[in-house]
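Notes to accompany the following structure.
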Amino acid sequence: MNLKTRLLSAAIVAVLLLGLVGIARRQDTSADATEPLFSTRTTVRLWYDDDAMTNFFSDVAASYNSTHRQVRVVPTLITDTNYVQKLYDASVDGVEFPDVYVASNGDLGRLYKAGLAAAVTDDTHFQDTATFPQTAINAVTCSDSIVAYPLSFETSAFLYNTDYLQSMADSLSQSLTDTVPKTMLDVIRLANGYDAPEGVTAIMKWDVSDIFYNYCFVGAYMDVGGATGDDPDSLELYNAQLIQCLQVYQQMNQYFAIDSKTDDYESNLASFEDGSLVFTLATTGAVADIRDKIKSGDSTISYGVATIPDSTGSLQSKTMSVTDCLVINGYSAHQDLAEDFVQYVLYQQMDGFTDSTGMPVAQNGITYSDSHMDGFTSAYEDSVPVTKLREASNFWMLLEDTFQDVWDGTDCNDALYSLAQSVMIQISGTENYHVDRIPNPEKIDITSDLSYDADKASAAETGSSKSTERAEETATETAETD
């Protein structure tokens, strides 16, 4: 065999080996299989863990790939229950790890500390709240840096049956908007003066066993990590207002016949959908659920969405929120390409996000095909982002247990003191950490408040400037639901 023949044979072998390597590297995703054997595109891997996003990410990746010939975005659904750990392991091992991924804002603290969340380079959309509400900006802020892009959110809001509420409004000779409850005492007053039609089994129920729906009763006076949720020195878990909040919450057990063991979220939403419940607290998924029930003929209700009423005229409410984010992996060698894709998604492709995923968008100025989502957007803007403090990882479980104890009759001061003591020991790492006990504040007796003249009491309750402003801005009325 002459030299020319040997060189030609070696070249052929090299080409075949390169082809085999290319094929092996593309075994992990079906999207890669459409690429030419010797593609020179740079692969940008996207990870997400919610199958509801599959169609959306597949579509936007295809659109991006068709107009960016040097880049190939490959979305991958990760079903591993320990998603964050898998993300960390793959990145450290350097094996097919994501360049960009979806994560909850509650995980950003540890992701940032581990080098898995790179500070964003977008200096345009985070300078003010023109693009993102302050809640979303706070959710993606760690150590005074923006470390992710807000994508979607979850929060809770107040749902009301507009037909029933309209009949209440008519009996009071006032408008529907003016009749939307501004406080929980308003709900009770409406119930006391309402001759409920046949089929209505309860005025209001919510899942009292789930902290996501209970947090609103203490959210205005509790602080777990400051505005951005990552400051271990910013903690407020035990004060007089919080005790009063729990005292009012406990008294609600006398007026709302709720069984913490059987009246769960699904059963309450089903009761609202079939018209046997006038008011409830729900999360954003209720919009699609109710819409589907109406389309199938299983429900005929019309309803509205508003921010959750304050407890009383003096005790405000503030719900909790979780923001899903697009995060640029600090381990990626293609951070600039990943960030370009993220900005393409957020600033050019979000119009169809909610219809595709069922999730609301964590941006301002979004027009939803179902206007009920606007009420949840208002609730999100006034919400508290879930904390990023890893030291408080089981805080929500402890707080949920505290609410359960209070609902069942435990002394509110005792329950809150026990919570604060447990959390501070955990966060400080000091077993003998001592929280100073505070005396019981003056109790707000809602029975006494409800004994006032209904019209005068209602006027006093709604005199709060905060409640009035929120009523005008967030109450969403829908006479007919498509």
Side-chain angles (χ1 to χ4, degrees), residues 156-161 164-165 167-168 179-197 199-219 244-283 286 301 303-320 379 399-410 412 415 443-452 454 457-458 461 467:
S156 55
F158 182 70
L159 273 56
Y160 56 90
N161 185 304
Y164 296 149
L165 196 62
S167 67
M168 295 178 183
T179 312
V180 175
K182 314 305 185 297
T183 70
M184 289 298 175
L185 299 189
D186 286 342
V187 175
I188 299 172
R189 290 191 186 97
L190 287 171
N192 289 341
Y194 183 51
D195 186 11
V200 174
T201 59
I203 293 297
M204 179 171 179
K205 286 186 178 183
W206 71 93
D207 189 348
V208 297
S209 69
D210 192 328
I211 191 57
F212 208 80
Y213 308 102
N214 279 336
Y215 186 78
C216 61
F217 295 104
V218 296
Q244 288 180 319
C245 288
L246 289 181
Q247 289 172 342
V248 170
Y249 175 81
Q250 188 175 66
Q251 292 173 74
M252 290 179 189
N253 201 350
Q254 305 170 40
Y255 295 92
F256 302 117
I258 304 173
D259 189 325
S260 61
K261 296 180 176 58
T262 60
D263 290 323
D264 58 14
Y265 178 79
E266 288 76 16
S267 65
N268 291 334
L269 183 58
S271 295
F272 182 78
E273 291 168 338
D274 67 23
S276 59
L277 191 61
V278 182
F279 306 112
T280 192
L281 305 183
T283 38
I301 69 165
Y303 73 105
V305 182
T307 53
I308 296 175
D310 292 333
S311 293
T312 69
S314 60
L315 292 176
Q316 299 175 359
S317 69
K318 190 175 286 289
T319 192
M320 179 200 308
L399 184 58
E400 192 169 87
D401 290 343
T402 298
F403 268 97
Q404 183 64 63
D405 291 342
V406 168
W407 189 258
D408 291 339
T410 298
C412 298
K443 183 177 180 179
I444 298 176
D445 186 350
I446 66 174
T447 301
S448 174
D449 286 346
L450 291 170
S451 68
Y452 298 157
S458 180
E461 291 293 333
S467 294

Inset, instruction - Specify the closest pair of heavy atoms between Ile308 and Ser317, including all atoms of both residues, with the distance to one decimal. - result: O-OG, 2.8 Å

Inset, instruction - Assess whether side chain to side chain contact (heavy atoms under 4.5 Å, CB included) is satisfied between Val208 and Asp263, documenting all intermediate values. - result: CA-CA 8 Å; Val208 297; Asp263 290 323; over 6 Å; no

Inset, instruction - Decide side chain to side chain contact (heavy atoms under 4.5 Å, CB included) for Met204 and Ile258; before the verdict, give the C-alpha distance in whole Å, the side-chain angles of both, and the deciding distance to 0.1 Å. - result: CA-CA 9 Å; Met204 179 171 179; Ile258 304 173; over 6 Å; no

Inset, instruction - Starting at CE of Met168, measure out to CG of Asp195 and round the result to the nearest 0.5 Å. - result: 10.5 Å

Legend entry - pair Gln247-Gln244: side-chain heavy atoms closer than 4.5 Å: yes

Legend entry - Partner set under side-chain contact (heavy atoms from CB on, under 4.5 Å) for Ala202, not counting sequence neighbours: Lys205, Leu277

Inset, instruction - Decide yes or no for Lys261 and Ser209: does some side-chain heavy atom of the first lie under 4.5 Å from some side-chain heavy atom of the second? - result: no

Inset, instruction - State whether a side-chain donor-acceptor pair under 3.5 Å links Ser271 with Asn268. - result: no

Legend entry - Any side-chain heavy-atom pair of Leu190 and Leu165 under 4.5 Å: yes

Legend entry - Distance-only side-chain donor-acceptor flag, Tyr265 / Thr280, under 3.5 Å: no

Inset, instruction - Mind checking the CG-CG spacing from Leu269 to Leu159? Nearest 0.5 Å is all I need. - result: 7.5 Å

Inset, instruction - Work out which heavy atom in Ala306 is nearest to a heavy atom in Val180; give both atom names and the distance. - result: CB-CG1, 4.3 Å

Inset, instruction - Flag the pair Ile203 / Phe279 as yes when at least one side-chain heavy-atom distance between them is below 4.5 Å, and no otherwise. - result: yes

Inset, instruction - Drop me the distance from Tyr303's OH to Tyr164's OH, to the nearest 0.5 angstrom. - result: 16.0 Å

Inset, instruction - Taking the side chain as every heavy atom from C-beta outward, state whether Glu400 and Asp210 have any pair of such atoms under 4.5 Å apart. - result: yes

Inset, instruction - Write down the atom of Asp310, the atom of Leu315, and the distance for their closest heavy-atom approach. - result: CB-O, 3.3 Å

Legend entry - Option among Tyr255, Phe403, Phe256 that satisfies the ring pair (Phe, Tyr, Trp, His ring centres under 6.0 Å) test with Tyr249: Phe403

Inset, instruction - Verify the distance criterion only: is there a donor paired with an acceptor across the side chains of Gln251 and Thr447 at less than 3.5 Å? - result: no

Inset, instruction - With Trp206 as reference, evaluate Phe217, Phe158, Phe212 under the ring pair (Phe, Tyr, Trp, His ring centres under 6.0 Å) test and give the passing residue. - result: Phe217

Inset, instruction - With rounding to the nearest 0.5 Å, note down the distance linking CZ in Phe272 to CG in Asp274. - result: 10.5 Å

Legend entry - Ile188 CD1 to Met252 CE distance, which is reported to the nearest 0.5 Å: 6.5 Å

Legend entry - Glu273 side chain to Ala286 backbone, donor-acceptor under 3.5 Å: no

Legend entry - Point-to-point distance, once rounded to the nearest 0.5 Å, from NZ of Lys318 to SG of Cys216: 11.5 Å

Inset, instruction - Could you tell me which non-hydrogen atom of Pro309 sits nearest to which non-hydrogen atom of Met184, and how far apart they are? - result: CB-N, 4.0 Å

Legend entry - By side-chain contact (heavy atoms from CB on, under 4.5 Å) - contacts of Asn253 (at least two apart): Trp407

Inset, instruction - Locate the shortest heavy-atom distance separating Pro197 from Tyr194; write the atom from each residue and the value. - result: CD-OH, 3.2 Å

Legend entry - Shortest non-hydrogen contact between Leu185 and Leu450, atoms and distance: O-CD2, 3.8 Å

Legend entry - 4.5 Å side-chain heavy-atom contact, Thr312 and Thr183: no

Inset, instruction - Scan Thr402, Val406, Asp408 and name whichever one has a side-chain contact (heavy atoms from CB on, under 4.5 Å) with Gln404. - result: Asp408

